[in-house]
Amino acid sequence: MTPAALADLVRSTAVDVLVARGLDTAALPATVTVERPRHPEHGDYATNLALQSAKKLGVNPRELAGWLAEALSSREGIASAEVAGPGFLNLRLAADAQGQVVRDILVRGADYGRGDRYAGLKVNLEFVSANPTGPIHLGGTRWAAVGDALGRVLTAEGAEVTREYYFNDAGAQIDRFVRSLVAAAKGEPIPEDGYGGAYIADIAAEVLRREPNALDLPAEQRDETFRQVGVGLMFAQIKRSLHEFGTDFDIYFHEDSLHKSGAVEQAVEELKKHNHLYLADGAWWLRSTEFGDDKDRVVIKSDGSPAYIAGDIAYLRNKRERGFDLCIYMLGADHHGYIARLKAVAAAFDDDPNVVEVLIGQMVNLLKDGKPVRMSKRAGTVVTMEDLVDAIGVDAARYALIRSSVDSALDIDLDVWTRRTNDNPVFYVQYAHARLSSLLRHATDLGIPTEVAPENVDFGLLTHDREGDLIRTLGEFPRVVAGSAELREPHRIARYLEELASAYHKFYDSCRVLPQGDEPATPLTTARLQLCAAARQVLANGLGLLGVSAPERM
RNA sequence: GCGCUCGUAGCUCAAUGGAUAGAGCACUUGACUACGGAUCAAGAGGUUGCAGGUUCGAGUCCUGCCGAGCGCGCCA
């Protein structure tokens with residue numbers, strides 16, 4: 001029995017009990033929560049249903065729990081139901097009913113864990129969106145990992161996800177980038193407000209290789225050449241880094257295109273028409289304070305050029321016109337001031353501010369020998385994605401970035417993540433998968449079938465405590481995926497995988513799977529092998545949601 | 001000054017208002033003629049920054065204070 005099925009059973013039983021006593025079933029919550037208690041003596045599962053509903057019914061919680069316990073005890077698949085504490089209901093499942101989870105997993109295979117919470121929802125996921133003036137920094141790298149994982153998690157819940165990178169190729173920072181390239185090409189020092197780092201010289205040299213006469217052109221054409229070729233090269237490098245990191249985008253959206261197509265102008269006109277803009281000091285301001293922002297924002301500067309937010313305004317408009325129901329932005333902590341602004345923009349278009357959801361990721365620091373790593377070898381300024389990948393590899397980098405909540409600033413100790421021991425969480429989880437793969441290979445070598453029709457497996461034989469723990473942990477996976485999607489928190493998947501790996505290793509330590517010596521395979525062998533196959537499947541599915549490999553051998 | 005995020009074991013971090021706040025590391029002590037010991041078991045480690053409040057129940061929600069990071073531009 002899956003937790004979801006158990007929750008349904010508890011609720012329908014509760015309905016029966018209330019009806020029989022002439023009480024109002026409306027007092028019951030729509031969905032009953034069935035949790036795995038922290039302490040094993042509190043049963044396999046526990047529900048607080050009686051505590052939640054007692055007040056509305058005007059009944060003592062323990063008394064209500066007692067009625068439910070009595071009714072549940074006689075239900076199919078329930079081994080016991082007891083009242084505990086202030087009115088908790090502690091449940092134990094019969095082994096064969098519980099073991100059906102293994103069967104479900106094997107039947108659903110790679111689909112196990114998927115749900116339909118967001119079926120049909122069109123989601124735009126915008127992340128990284130780093131300026132094309134240099135390599136991706138650690139903050140962007142965090143989003144490359146977390147954003148991609150969130151995309152996978154939302155997809156698993158049925159959402160139609162578009163990953164999008166907003167390529168900020170208009171404005172002053174590109175001009176600074178171009179001036180830096182030109183200076184490097186001439187062999188002159190980089191301007192004060194320019195970009196340093198070895199990559200500037202590399203790109204400048206490559207521009208010259210492609211356009212040998214670039215420096216001889218009139219200043220305007222020269223700059224245009226460096227701009228086009230240089231930005232193109234920088235952007236290709238960013239895309240390549242992301243691809244090697246396992247993160248690919250569906251759309252690379254150019255800010256420039258919004259200006260060139262007239263979309264910015266059009267959006268601004270519309271806001272003017274609805275009197276959401278006003279003229280002051282020669283500039284056009286958005287009345288964003290009317291929509292919850294803490295100050296009004298300049299949209300068109302007094303020199304007539306659009307401010308940065310003008311692009312955002314047109315871009316959000318564009319996303320909604322493309323039919324996205326939900327637009328998620330993933331930004332660094334230094335951009336948290338955007339939340340109110342973006343929601344105000346949505347509101348100004350008479351749209352629901354809730355279609356805009358902004359996730360803020362806190363800073364990432366690297367530690368080496370216990371000390372912060374500040375300098376990049378290549379960028380000359382801050383640490384880049386390549387630096388991290390060079391140091392610990394893609395799998396460890398993604399995992400390390402994903403496993404913590406983005407709300408917390410994160411320290412990554414490079415020494416830990418290069419270790420091949422179980423204080424390195426990614427190895428601990430991957431090792432469990434490799435160990436299971438090895439075990440299943442070994443079974444095949446012994447001529448023991450690893451794929452068996454469910455009706456030929458007696459799941460009721462899986463009665464060991466460690467087997468029960470492992471099965472119940474496997475049964476949690478769909479709820480973990482759903483929670484991860486709902487809360488936009490992929491780190492829950494990683495934490496769950498660590499728990500699952502631990503449950504598996506404990507099981508493995510206590511429960512011999514394969515026969516020894518000349519012993520024959522028994523029905524228990526078969527049941528345990530199915531459990532192993534299910535565990536391997538869930539580990540693979542979970543790692544897949546993180547974009548981390550599930551190795552057969554390590 | 002205002003705003004956002006955070007403050008949990010020596011360290012890195014978990015915990016969707018639930019019961020005795022959990023993992024890993026580090027420390028102490030054990031388990032390999034057994035399917036991968038890259039594992040497992042046991043011990044020790046806490047006033048969840050402080051003070052109030054909300055309720056059957058608060059690390060979690062509310063208020064105030066203390067501390068840290070990051071913002072508060074006609075930059076992008």
Side-chain angles (χ1 to χ4, degrees), chain A residues 33 35 37-39 41-42 46-48 51-52 54-55 60-62 84-88 90 131 133 168 170-174 176 255 280-285 294-295 297-303 305-309 311-312 332-340 360-363 365 367 370 400 403-413 416 419-425 427-428 430-432 434-443 445-446 466 479 483 486-487 489 491-492 494-495 498-499 501-502 504-517 528 532 553-554:
Chain A
T33 53
E35 295 182 313
R38 240 189 281 270
H39 304 283
E41 61 269 29
H42 292 150
T47 178
N48 58 358
L51 284 166
Q52 285 183 318
K55 203 170 199 179
N60 177 296
R62 278 192 64 96
F88 289 103
N90 295 340
N131 289 338
T133 53
N168 191 209
Q173 89 277 355
I174 292 289
R176 290 207 298 272
E255 180 190 359
D281 304 327
W284 285 95
W285 298 68
D294 57 351
K295 55 183 70 170
R297 306 289 170 181
V298 169
V299 176
I300 302 295
K301 298 189 255 183
S302 53
D303 67 0
S305 65
Y308 182 75
I309 194 177
D312 281 339
D334 52 341
H335 288 77
H336 67 248
Y338 280 41
I339 301 176
I360 296 298
Q362 299 297 318
M363 302 295 167
N365 296 302
L367 298 179
R403 90 184 274 268
S404 294
S405 160
V406 295
D407 286 339
S408 298
L410 178 62
D411 287 337
I412 295 181
D413 185 336
V416 166
R419 230 169 269 162
R420 310 194 126 233
T421 60
N422 75 343
D423 47 324
N424 179 345
F427 274 94
Y428 184 74
Q430 289 183 317
Y431 174 68
R435 200 184 206 190
L436 274 159
S437 301
S438 167
L439 181 68
L440 291 163
R441 279 196 302 271
H442 196 174
D445 292 345
L446 293 174
R466 295 285 175 85
R479 299 207 289 191
E486 237 171 74
L487 298 165
E489 292 184 348
H491 76 271
R492 288 166 187 276
R495 298 293 172 158
E498 289 164 32
E499 188 189 332
S502 169
Y504 168 69
H505 287 307
K506 286 173 201 222
F507 152 78
Y508 180 90
D509 198 59
S510 314
C511 301
R512 173 83 199 184
V513 178
L514 297 175
Q516 301 183 74
R528 284 182 171 168
C532 287
R553 292 184 169 84
M554 295 171 71

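In the text below, chain A, chain B and the rest are named by the order of the sequence lines, each starting its count at 1. In this text the structure is predicted, and so the values were computed from the model without any measurement.
- Within the 4.0 angstrom heavy-atom criterion, no nucleotide atom of any strand lies near Ile360(A).
- Base engagement by Gln516(A) is indicated by at least one non-hydrogen atom pair under 4.0 Å involving a base atom.
- Between the side chain of Asp509(A) and the base of A34(B), no donor-acceptor pair under 3.5 Å is found.
- As rounded to the nearest Å, U60(B) and A14(B) have C1' atoms that lie 13 Å from one another.
- Between the side chain of Trp284(A) and the backbone N or O of Lys301(A) there is no donor-acceptor pair closer than 3.5 Å.
- Here Asn90(A) lies in heavy-atom contact (under 4.0 Å) with a base.
- Counting heavy atoms from C-beta on, the side chains of Val406(A) and Ile360(A) never come closer than 4.5 Å.
- Within the 4.0 angstrom heavy-atom criterion, no nucleotide atom of any strand lies near Ala501(A).
- A straight line from OH of Tyr338(A) to P of G73(B) spans 12 Å, rounded to a whole angstrom.
- In the interface, the side chain of His336(A) is paired with the base of G3(B) through a donor and an acceptor atom under 3.5 Å apart.
- Taking 4.0 angstrom as the limit, Arg492(A) places a side-chain polar atom (N or O) nearer than this to OP1 or OP2 of A15(B).
- As judged by a 4.0 angstrom heavy-atom cut-off over every strand, Cys511(A) is placed among the base-contacting residues.
- At the heavy-atom level, Ala432(A) lies nowhere under 4.0 Å from the strands shown.
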Given Watson-Crick or G-U pairs with both distances under 3.5 Å, what dot-bracket string fits RNA chain B, with | for other-strand pairs and [ ] for crossing? (((((((..((((....[...)))).(((((.......))))).....(((((..]....))))))))))))....

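- Counting any heavy atom pair closer than 4.0 Å across all strands shown, Asp303(A) reaches no nucleic acid atom.
- Not one side-chain nitrogen or oxygen of Tyr504(A) sits closer than 4.0 Å to the OP1 or OP2 atom of C35(B).
- Taking only distance into account, the side chain of Asn48(A) meets the base of G18(B) through a donor-acceptor pair shorter than 3.5 Å.
- Using a 4.0 Å heavy-atom distance criterion, Tyr508(A) is classed as a base contact.
- Residue Lys295(A) places no side-chain N or O under 4.0 Å from the OP1 or OP2 atom of C72(B).
- Taking the six-membered ring wherever Trp is involved, the centroid distance between the rings of Tyr508(A) and His505(A) does not fall below 6.0 Å.
- Using a 4.0 Å heavy-atom criterion, one finds that Ala84(A) contacts the bases of the nucleic acid, with or without backbone contacts as well.
- Counting non-hydrogen atoms under 4.0 angstrom, Ser510(A) reaches nothing in the nucleic acid.
- Counting only heavy atoms from C-beta on, Ala46(A) has its side chain closest to A19(B) among C75(B), A41(B), A19(B).
- Residue contacts shown for Ser438(A) include a base, since a base heavy atom lies under 4.0 Å away.
- Residue Arg528(A) is classed as having no contact, given no heavy-atom separation below 4.0 Å to the nucleic acid.
- Counting non-hydrogen atoms under 4.0 angstrom, Glu255(A) reaches nothing in the nucleic acid.
- In terms of phosphate contacts, Arg512(A) brings no side-chain nitrogen or oxygen within less than 4.0 Å of OP1 or OP2 of A34(B).
- In this model, no side-chain donor or acceptor of Ser408(A) finds a partner on the base of C6(B) within 3.5 Å.
- Looking at heavy-atom distances under 4.0 Å, Ala172(A) makes contact with sugar-phosphate atoms alone, never a base.
- No donor-acceptor pair under 3.5 Å is formed between the side chain of Glu255(A) and the backbone N or O of Asp312(A).
- A close approach under 4.0 Å does not occur between any side-chain nitrogen or oxygen of His505(A) and OP1 or OP2 of A38(B).
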